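Source: prediction; values computed, not measured. Numbers restart at 1 for each chain; the letters A, B, ... are given by sequence-line order, proteins then strands.
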Protein chains: 2
Amino acid sequence: MDLQEKLNQKGLRMTRPRRVVLSILEAASVPLSAGTIYQKALERKERIGLVTVYRTLELLDEFGMVRRAHSQDECHGYLLASPGHHHNLVCHTCMKTVEFPGSEDLSGIVQRVQRQTGYQVNDHLLELYGLCPSCQES
Amino acid sequence: MDLQEKLNQKGLRMTRPRRVVLSILEAASVPLSAGTIYQKALERKERIGLVTVYRTLELLDEFGMVRRAHSQDECHGYLLASPGHHHNLVCHTCMKTVEFPGSEDLSGIVQRVQRQTGYQVNDHLLELYGLCPSCQES
DNA sequence: ATCCTTATTGAAAATATTTATCAATAAGAT
DNA sequence: ATCTTATTGATAAATATTTTCAATAAGGAT
Ligand SMILES: [Mn+2]
Ligand SMILES: [Mn+2]
Ligand SMILES: [Zn+2]
Ligand SMILES: [Zn+2]
């Protein structure tokens with residue numbers, strides 16, 4: 001289900017600014033902050049407000065169409081997210097990011113930690129870091 | 001090795017502000033932001049600058065004595081970190097956080113992801129969320 | 001204890017980031 | 001083409017973080 005449909009469902013409207021933000025995210029391979037997206041929009045000579053970028057990101061987040069990247073420094077990068085449970089793999093050097101399906105089995109860890117802490121675990125954040133193919137050469 | 005020693009090693013000095021920040025972190029069971037630490041210092045009637053809190057956190061971070069909590073909203077909470085590889089388990093409701101040793105085996109996932117993406121994985125961020133014992137009752 | 005060197009502090013200002021307001025605009029249904 | 005109202009973006013306000021720099025204090029030397 002694409003943005004248009006999700007908007008319709010809620011009586012919301014497809015607008016040019018929203019299309020621009022989405023398009024920029026689609027073209028990106030690294031996590032983008034609101035500010036960066038705004039920059040790129042300006043470069044494209046698009047008339048858009050920074051506030052709208054924030055609002056659109058919030059919207060896309062609600063729709064689950066976007067995911068935040070929590071690298072140590074830049075905490076506020078957004079990436080387009082495929083539907084379903086995924087995680088990010090970020091290149092330390094160039095930030096190029098790919099997602100991988102979250103089919104990993106954490107039940108072992110979860111079991112153990114629950115027993116040891118008394119907590120009831122129901123969610124997790126997993127992010128991998130490394131070197132992308134092209135950065136491995138240099 | 002405690003803060004005093006690590007400071008000595010680098011020709012740095014143990015100061016009262018640094019002691020205060022450390023002490024506040026030691027007393028906390030939830031991730032604290034620079035601002036919050038500053039607040040608590042004021043409550044303790046300690047003379048300290050917010051800038052110094054930022055600087056001290058940066059320092060503690062370099063020393064690996066502190067870990068950042070990346071909850072969805074509050075991206076900049078700091079927690080005192082035990083030496084060695086650990087992760088955080090955060091309570092959704094009250095934020096109470098415990099750490100658990102990172103002895104989990106991610107090699108399965110890592111292997112698979114490396115093969116599928118061509119990336120070379122060498123680090124990860126794992127955080128668990130759930131309900132702490134006391135929040136389970138309510 | 002006193003002196004000296006220099007790491008450290010914090011007030012103040014500069015930047016950067018995020019949120020709130022609100023009149024003007026434009027989506028999209030009729 | 002008209003109408004309703006969701007949406008935008010300029011502006012301002014609120015937060016958060018970083019930079020600057022003269023005054024202070026840690027801690028080694030005497
Ligand atoms: Mn997962
Ligand atoms: Mn681990
Ligand atoms: Zn790379
Ligand atoms: Zn709790």
**Q.** D:dT7 OP1/OP2 closer than 4.0 Å to side-chain N/O of A:Arg55
**A.** no

Q) Between A:Tyr54 (OH) and D:dT11 (P), how many Å, whole number? A) 18 Å

Q: With the side chain of B:Arg13 defined as its heavy atoms from C-beta on, choose the nearest nucleotide among D:dA6, C:dT18, D:dA25.
A: D:dA25

Q. Among C:dT9, C:dT8, D:dG9, which nucleotide sits nearest the side chain of A:Thr52?
A. D:dG9

**Q.** C:dT8 OP1/OP2 closer than 4.0 Å to side-chain N/O of B:Thr15
**A.** no

Q.
Return whichever of B:Glu58 or B:Arg19 has its heavy-atom-nearest nucleotide of DNA chain D closer to the 5' end.
A. B:Glu58

Q: Using a 4.0 Å heavy-atom cut-off across all strands, classify A:Leu50 as base, sugar-phosphate, or nothing.
A: base

Q) Under 4.0 Å: is that the gap between some side-chain N or O of B:Arg16 and OP1 or OP2 of C:dT8? A) no

Q. Between A:Gly49 and B:Ala34, which is nearer to the 5' end of DNA chain D once each is assigned its nearest nucleotide?
A. A:Gly49

(Q) Please compare B:Val51 and B:Met14 by the position of their nearest nucleotide in DNA chain C and report the one closer to 5'. (A) B:Met14

**Q.** Which nucleotide in D:dG9, C:dA7, D:dT7 has an atom nearest any side-chain atom of B:Leu12
**A.** C:dA7

Q: Using whole Å, report how far CG of A:Leu59 lies from P of D:dT8.
A: 9 Å

**Q.** Side chains of B:Tyr78 and B:Arg67, donor plus acceptor under 3.5 Å
**A.** no

**Q.** A:Gln136 atom CD, neighbour heavy-atom count above 12 within 6.0 Å
**A.** yes

Q: Decide whether A:Arg18 and A:Thr52 meet the rule of one side-chain donor and one side-chain acceptor closer than 3.5 Å.
A: no

Q | B:Arg47 vs C:dG10: side-chain N/O to OP1/OP2 distance below 4.0 Å | A | yes

Q | Aromatic plane relationship, A:His87 with A:Phe100 - under 30° parallel, 30 to 60° tilted, over 60° perpendicular | A | tilted

Q: Figure out the CD/C1' separation between B:Gln4 and D:dG27, and round it to whole Å.
A: 10 Å

**Q.** Step-by-step salt bridge (charged side-chain N to carboxylate O under 4.0 Å, His left out) determination, B:Glu46 to B:Arg16
**A.** CA-CA 9 Å; B:Glu46 293 285 357; B:Arg16 195 152 59 74; 2.7 Å; yes

